[in-house]
Visitor: 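First the structure, which I've put down as structure tokens, then a few questions once you've had a look.
This is a predicted model, so every value here is computed, not measured. By convention in this document, chain letters (A, B, ...) are assigned in the order of the sequence lines, proteins followed by strands, and residues within each chain are numbered from 1.
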2 protein chains.
Amino acid sequence: MNKAERTRQFIIEKAAPIFNTKGYAGTSLSDMTESTGLTKGSIYGNFADKDEVALACFEYNHKMVREAISNEMAQFPSYRDKLLVYVEVYSNPRKYPLQHGGCPLLNTTIEADDTHPRLRALAGEAVVKWKERLVDLIEAGKAIKEFKKTTDPARTAITMIALLEGMIFVSRATGDPANGKAVIESIRNLIHEL
Amino acid sequence: MNKAERTRQFIIEKAAPIFNTKGYAGTSLSDMTESTGLTKGSIYGNFADKDEVALACFEYNHKMVREAISNEMAQFPSYRDKLLVYVEVYSNPRKYPLQHGGCPLLNTTIEADDTHPRLRALAGEAVVKWKERLVDLIEAGKAIKEFKKTTDPARTAITMIALLEGMIFVSRATGDPANGKAVIESIRNLIHEL
DNA sequence: TTAAAAATATACCAATCGGTATATTATAAA
DNA sequence: TTTATAATATACCGATTGGTATATTTTTAA
């Protein structure tokens, strides 16, 4: 890594949590210069514009979540346990580095869907791939008879995603941990009935 | 309604869909003057600041959704059918005036939770009240033996909310109606198993 | 160690931001 | 119809926005 690559990475690491909490429209260049200690000249020497920083930050935030999930998942041979890792990681934002601002997929989709087509596209592809990974896990579980053969992989996968993001929504909206826990219980139920 | 009250209402009606699509940080005073044809002087003559417009617009957007739901619900005596109204309204954004930008509860919560405490508080209270209305419906259904006595009203209510908002998320993220429909099917299942 | 190249800082730009004081116009009660 | 008052428009404010041209410093390879 040469200097420019290190700086680029440094900017991403500092700006990513800001974009995830304040959103694209809510994050300014001064937020970035402040958090990095760098100047605008330095930032624009490494990125074409604000858009490019935002896109890179989204990918960084999303990668952090994915890595937390797959690291945990590697510990469990059972597919049911692998699926339960999502529940564990998403319901313990303190313990796992979903860090500042919650799920970047949810934040980006809700803010960008009507206003920022490139971010919207990135988030959309990420959700589609997430669904595919879940479908693969559920089909693998069916193949070794861990899950029932009546289980619908596609419907289960997308329902799990909806429940996980919906759980984040009710937690953040009400601020009451009991609401999040109630949804968690429903997700556990869903996984145990596969 | 005197002139000022009519103008205030007019501003809200014009600005509400903009706030719901572009968010609080993304909506500017010029957006409002443009969409209303009024000047800043007129807007600030009827509202103290941008905050007050945003708050009024959130309440307007939320009221529109609530009224669409309760109008439909009045047609059905069965509590199961009443619950299914949510599915109908939330899955047909064209037919019902959830209108521009999707569910204001989801949009506001996701944008405001880290940045705008007053909006956050409004959205939070709205979700709590929504849950309470659902709990009431489910308990009423249990009272007349339409629902099983083993049904957990609180958990069912909050899970339904999570699924409905999660459904909006997967629809908007992927842009694929099939994903939304798959979640819808899961919500219908949930309601039929009560 | 040096010199060319790359990276960063400085200083600036026009445009837009939210907001306000004041002038003008429209309303509404007498 | 008049007149006091309320509502709206005009013209402006300083601060901040995203972005850039250029000067200065730091890397990096010879």
Visitor: Would one find more than 12 heavy atoms of other residues, nucleotides or ligands at under 6.0 Å from atom CZ of A:Arg118?
Guide: no
Visitor: Report, as yes or no, whether the 6.0 Å neighbourhood of atom NZ on B:Lys14 holds more than 12 heavy atoms from other residues, nucleotides or ligands.
Guide: no
Visitor: Within the 4.0 Å heavy-atom criterion, would you say A:Thr33 contacts the bases, only the backbone, or no part of the nucleic acid?
Guide: nothing
Visitor: Taking B:Arg188 first and then B:Glu88, would you say they form a salt bridge - that is, a charged N and a carboxylate O separated by under 4.0 Å?
Guide: yes
Visitor: Could you pick out which residue, B:Ser30 or A:Thr7, lies toward the 5' side of DNA chain C when each is mapped onto its nearest nucleotide?
Guide: A:Thr7
Visitor: Which is more 5' along DNA chain D, the nucleotide nearest A:Asn2 or the one nearest B:Lys3? Just name the residue.
Guide: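 Comparing both residues, the 5'-ward one is B:Lys3.
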Visitor: How many whole angstroms separate atom CZ of A:Phe47 from atom C1' of D:dT20?
Guide: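 That distance rounds to 18 Å.
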Visitor: Take the protein atom CD of B:Glu5 and the nucleotide atom P of D:dA6, then report the distance between them rounded to whole Å.
Guide: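 Value for this atom pair: 13 Å.
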Visitor: What range of DNA chain C does chain B touch, first nucleotide to last, counting atoms under 4.0 Å from its heavy atoms?
Guide: C:dC17 to C:dA28
Visitor: Give a yes or no answer on whether the side chain of A:Asn107 reaches the backbone of A:Asn20 with a donor-acceptor pair at less than 3.5 Å.
Guide: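 The answer is yes, because a donor-acceptor pair under 3.5 Å joins these two groups.
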Visitor: Could you tell me how far apart A:Lys50 (NZ) and D:dT16 (C1') are, to the nearest whole angstrom?
Guide: 12 Å
Visitor: Would you please confirm or rule out a distance under 4.0 Å between OP1 or OP2 of D:dT17 and any side-chain N or O of A:Ser28?
Guide: yes
Visitor: CZ of A:Arg6 versus C1' of D:dT28: gap in Å, rounded?
Guide: 11 Å
Visitor: Between C1' on D:dT8 and CG on B:Leu38, what's the gap in Å once rounded to a whole number?
Guide: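 Those two atoms, CG and C1', are 8 Å apart.
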Visitor: Taking NZ, NE, NH1 and NH2 as the nitrogens, is one of them in A:Arg80 or A:Glu193 under 4.0 Å from a carboxylate oxygen of the other?
Guide: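 Answer for the salt bridge query: no.
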Visitor: Students often get this wrong, so: under 4.0 angstrom with heavy atoms, is A:Thr36 touching a base, only sugar-phosphate, or nothing?
Guide: nothing
Visitor: What I want to find out is whether A:Asp114 reaches B:Lys22 closely enough, with some N-O distance under 4.0 Å, to be called a salt bridge.
Guide: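 So A:Asp114 does not pair with B:Lys22 through a salt bridge.
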Visitor: What integer distance in Å separates A:Asp49:CG from D:dT17:P?
Guide: 17 Å
Visitor: Starting at CD1 of A:Ile43 and ending at C1' of D:dT17, how long is that distance when rounded to a whole Å?
Guide: 14 Å
Visitor: Between A:Lys63 and A:Phe58, is NZ or CZ placed under 6.0 angstrom from the six-membered ring centre and within 45° of the ring axis?
Guide: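 That pair does not qualify as a cation-pi contact.
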